[in-house]
Amino acid sequence: MGLLFLERLEGEGVFRCRRCRVDAASKDAIISRDFYGRSGRAYLFDHVVNICLGPNEDRYLVTGLHTVNDIYCSCCQQILGWRYEKAYEQSEKYKEGKYILERARMVKDG
């Protein structure tokens with residue numbers, strides 16, 4: 001298989017995978033806390049680490065049609081949320097390239 005290289009995040013307020021505790025995002029990268037995922041509350045992040053992307057998929061979400069990729073923990077392969085690849089509504093374009101992490105799939109330190 002090969003070596004798995006993981007990035008560590010410094011400071012307080014680090015979100016980690018609930019299953020394996022690998023770092024995923026810093027509280028400093030949160031854009032919005034007003035999102036919901038499949039399992040409840042979710043946060044929109046500008047930057048995440050230690051994830052793998054699934055294939056592009058068109059999905060109808062609350063705010064309309066988006067092309068998204070599911071994101072998985074690079075260590076344990078637990079689904080953590082999704083990445084917005086493309087937004088079809090002009091008012092939703094700010095989400096493109098951003099990440100949703102579902103709170104139920106994360107733990108927060110600090």
Evaluate His66 against Asp58 for side-chain contact (heavy atoms from CB on, under 4.5 Å), listing each step before the verdict. CA-CA 6 Å; His66 299 273; Asp58 285 337; over 6 Å; no
Would the distance check show the side chain of Arg41 and the main-chain N or O of Arg33 forming a donor-acceptor pair, the cut-off being under 3.5 Å? yes
Is there side-chain contact between [X] and [Y], with at least one heavy-atom pair below 4.5 Å?
X	Y	result
Met106	Leu80	yes
Arg8	Val14	no
Tyr84	Ile100	yes

[X]: partners by side-chain hydrogen bond (donor to acceptor under 3.5 Å, both in side chains), with sequence neighbours left out:
X	value
Arg19	Gln78
Arg59	Glu57, Asp70
Lys93	Glu96

Please list, chain by chain and in numerical order, all residues satisfying side-chain contact (heavy atoms from CB on, under 4.5 Å) with Asn56, sequence neighbours excluded.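 Asn56 satisfies side-chain contact (heavy atoms from CB on, under 4.5 Å) with Thr67, Asn69, Glu85 once adjacent residues are dropped.
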For the atom pair CD (Glu10) and OG (Ser26), what is the distance rounded to the nearest 0.5 Å? 10.5 Å
Please report the closest heavy-atom contact between [X] and [Y], naming both atoms and the distance.
X	Y	answer
Val107	Cys17	CG2-O, 4.2 Å
Glu12	Lys27	O-CE, 3.8 Å
Leu9	Ala24	CD1-C, 4.1 Å

If you link I, L, V, M, F, W and Y whenever their side-chain heavy atoms are under 4.5 Å apart, who else ends up in the same group as Ile79? Tyr72
Running the 4.5 Å side-chain criterion over Ile, Leu, Val, Met, Phe, Trp and Tyr, what cluster does Tyr60 land in, apart from itself? Leu65, Tyr88
Leu61 reachable from Tyr94 in the ILVMFWY side-chain graph, under 4.5 Å edges: yes
Are Ile31 and Val68 joined in one hydrophobic group, where the rule is that I, L, V, M, F, W and Y side chains link up if heavy atoms are under 4.5 Å apart?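 In one cluster: yes.
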By the ring-ring contact (aromatic ring centres under 6.0 Å, His included) test, which pairs, at least two apart or in different chains, include something from residues 17-40?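 Of all non-adjacent pairs touching residues 17-40, none passes ring-ring contact (aromatic ring centres under 6.0 Å, His included).
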Answer yes or no: does atom NZ of Lys98 have more than 12 heavy-atom neighbours from other residues, nucleotides or ligands under 6.0 Å?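 It does: Lys98 NZ has more than 12 such atoms within range.
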Less than 3.5 Å apart, which donor and acceptor atoms pair up between the side chains of residues 43-52 and the rest of the protein, not counting sequence neighbours?
residue : atom : partner : partner atom : Å
Asn50   : OD1  : Glu7    : N            : 2.7
Asn50   : ND2  : Glu7    : O            : 2.7
Asn50   : ND2  : Asp23   : O            : 2.9

Run the salt bridge (Lys or Arg N to Asp or Glu O under 4.0 Å) test against Arg18 and tell me which residues pass, sequence neighbours left out.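 Arg18 satisfies salt bridge (Lys or Arg N to Asp or Glu O under 4.0 Å) with no residue once adjacent residues are dropped.
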